[in-house]
Amino acid sequence: MIKSMSRFTAGFLTLMAMLTANIFAAPTQFTAQVYVKKNGKMVENLTAQDFQLFENLREQNISKVERETQPLSIVLIPMLGEGQYCDTSFFIIPNSPPSNDMSKVADAFHKYLGEDDEFAMILPDKDATILRGFNVSNDDLMNNFAEFRRISDRSQVTISNETSSTDSMGMMQTSTESYSGVRVNYAENALDKSLGYLQTQAKEGNRQVVFFLRPFYNLSDLAADRETQLKQTIARQGTLFNWIGEDKYITVGTQFKFFHDLNEMTGSEREPCKLLKSNNVTNIQSVVSGMLSRLRTRYTITYTSNNQPSLGNLRQAELRLTKSGNKKAKGQVVISAPQIVFVDQNTIAKRF
C-alpha cells in the first residue's frame, strides 16, 4: 500500500514538473538620446561599453547598442481654449493670446518634417476629434493650425457658457468639471485616441511621438490602475512624449503629475513657453528642427533582464554613461532615456 502511494506520488510530481511553466524575459529594446544641453548637438559613436543600465536598481548586461535614424509618426495634441495661451498671471489665468498665433510654430514643423514623416493633430475635446490625419499633405499644415485656432476660440466660449455660474457675491465660479475653461478629462481622451491612432495608423518602422502643445489646461487626476494601464501601453509601444510650453509660473500639482512627467518617463524633451510667444522665426525653427532631429536619430539599446519575472512587466530603468562614455561626450550632456520599460515575458513548457 505504501509502495503504491509512493509510486503514485512520484508519478504525480513528475507529471507536474513536465507541465511546469518556465517564464523568461525576452530581449528588451528601448531608445535613448545623448546630447549637449547648451547647443542640442547629439553625441555620436557611443557603444555598449559607454553605457550602464540599471533595471529596478539592478545592473543589466547590454547586448547591443545601435545609433539609428527613423522617420517620425507624430501626433500633436494642441490645447483648446485658454490652454493655447502661454503668458500666465499668478492665478494661472492667461493674460493674452500668443502674439504669433502659433503660425510660426506651424511653419517650423512644416519646414522640418521629412518626406517619410507623418503628422496628425488630435484635439482634446469630448470626442478627441482628429483635426488632421497622417494622410493629409503637409502642405496643408498651416491651414490646419489656423483651423485649430478657430475651433479653440469657439470651444472656449462654449465651455465657459456651459460651466460658469455666479455665486451670491456676483463672483464667477467654474464647474469642477473644468479647469480654466477646459474640461479636465479631455487630455485623457486625447491621449487614448493618440496612442490607438499611432498603434493602428503609423507606418511600420516609424518612431512614434506625441507632442503636447501647451498642455497645462487639460490635465486630470488619474486612478493608480489607470496610470499603470497607460504606462504599459506607452512603454510597450515605445512612444515618446515631447512638450512645447513649459510654464515656469505654474507649480505642478498632484493632478498634473502623470501628464507633466510623460516626457521624462519616456526619455524625451520639454521646451519652455517662450517658444510659443516668440516672434523670432530663426529661434523657433532652430528649436523645432533640433527636437525633430534628436527624435529621429537615437540609440537603440538591447538587453535581457536578469530580474525575476515576479516583478511584473513594468520596470524602472536608469541609463548612465561610463567613464569611457563621459570621455567621448566631452562636456555637460543630457541623457534622455525612458524611466520605465516594458519587459515582455514569454512562457514555455519544460521538457524532460
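We number each residue from 1, following the sequence as shown. These numbers come from the heavy atoms of this one structure, side chains and all, not from hydrogens, waters or symmetry mates.
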query: Per the salt bridge (Lys or Arg N to Asp or Glu O under 4.0 Å) rule, which among K203, R296, R207, K111 passes with D117?
result: R296

Between [atom1] of [X] and [atom2] of [Y], what distance do you get to the nearest 0.5 Å?
{"X": "M291", "Y": "S286", "atom1": "CE", "atom2": "OG", "result": "10.0 Å"}
{"X": "Q208", "Y": "I74", "atom1": "CD", "atom2": "CD1", "result": "12.0 Å"}
{"X": "T300", "Y": "E68", "atom1": "OG1", "atom2": "CD", "result": "3.5 Å"}
{"X": "T302", "Y": "L53", "atom1": "OG1", "atom2": "CG", "result": "10.5 Å"}
{"X": "I77", "Y": "W243", "atom1": "CD1", "atom2": "CH2", "result": "11.0 Å"}
{"X": "S289", "Y": "L113", "atom1": "OG", "atom2": "CG", "result": "11.5 Å"}

- prompt: Less than 4.0 Å between a side-chain N and a carboxylate O, is that true for E147 and R150?
  reply: yes

query: Is R132 salt-bridged to D140, cutoff N-O under 4.0 Å?
result: no

task: Check each of V333, L321, L46 against K328 using the side-chain contact (heavy atoms from CB on, under 4.5 Å) test, and report the only one that passes.
output: L46

Are [X] and [Y] close enough that some pair of their side-chain heavy atoms sits under 4.5 Å apart?
{"X": "Q332", "Y": "K38", "result": "no"}
{"X": "R270", "Y": "E264", "result": "yes"}
{"X": "F109", "Y": "L292", "result": "yes"}
{"X": "E269", "Y": "Y35", "result": "yes"}
{"X": "I151", "Y": "T129", "result": "no"}
{"X": "V343", "Y": "N313", "result": "no"}
{"X": "Q70", "Y": "N206", "result": "no"}
{"X": "L191", "Y": "F241", "result": "yes"}

field: Within 6.0 angstrom of K64 NZ, more than 12 heavy atoms from elsewhere
entry: no

query: Does G114 offer a backbone N or O that forms a donor-acceptor pair with the side chain of N138 under 3.5 Å?
result: no

Whether N56 side chain and R58 backbone form a donor-acceptor pair below 3.5 Å: no

Is there a path from [X] to [Y] through hydrophobic residues (I, L, V, M, F, W, Y) whose side chains come within less than 4.5 Å of each other?
{"X": "V288", "Y": "V36", "answer": "no"}
{"X": "V136", "Y": "F119", "answer": "no"}
{"X": "V287", "Y": "L213", "answer": "yes"}
{"X": "V341", "Y": "L240", "answer": "no"}

query: Given I301 and V65, is the side-chain contact (heavy atoms from CB on, under 4.5 Å) satisfied, shown in steps?
result: CA-CA 5 Å; I301 297 173; V65 170; 4.1 Å; yes

Provide the closest heavy-atom pair for [X] versus [Y] in the form atom of the first, atom of the second, distance.
{"X": "V210", "Y": "L198", "answer": "CG2-CD1, 3.8 Å"}
{"X": "F134", "Y": "Q201", "answer": "CD1-O, 3.7 Å"}
{"X": "F211", "Y": "L295", "answer": "CZ-CD1, 3.8 Å"}
{"X": "V43", "Y": "A329", "answer": "CG1-CA, 4.0 Å"}
{"X": "D125", "Y": "A128", "answer": "OD1-N, 2.7 Å"}
{"X": "S336", "Y": "G267", "answer": "CB-O, 3.3 Å"}

- prompt: Taking ILVMFWY side chains as joined if any heavy atoms are under 4.5 angstrom apart, and letting links pass through other members, which residues group with V281?
  reply: none

task: Give the intermediate values and the outcome of side-chain hydrogen bond (donor to acceptor under 3.5 Å, both in side chains) for residues Q49 and S324.
output: CA-CA 7 Å; Q49 288 69 43; S324 63; over 6 Å; no

- prompt: Q308 and S310: side-chain donor and acceptor closer than 3.5 Å?
  reply: no

Among Q29, Q60, E55, the one residue meeting side-chain hydrogen bond (donor to acceptor under 3.5 Å, both in side chains) with Y303: E55

message: E271: which residues meet the side chain to side chain donor-acceptor pair (under 3.5 Å) condition with it, sequence neighbours left out?
response: none

Got a list of side-chain donor-acceptor pairs under 3.5 Å for residues 227-235, not counting sequence neighbours?
{"from": "T228", "atom 1": "OG1", "to": "A224", "atom 2": "O", "distance (Å)": "3.1"}
{"from": "Q229", "atom 1": "OE1", "to": "R226", "atom 2": "NH1", "distance (Å)": "2.8"}
{"from": "T233", "atom 1": "OG1", "to": "Q229", "atom 2": "O", "distance (Å)": "3.2"}

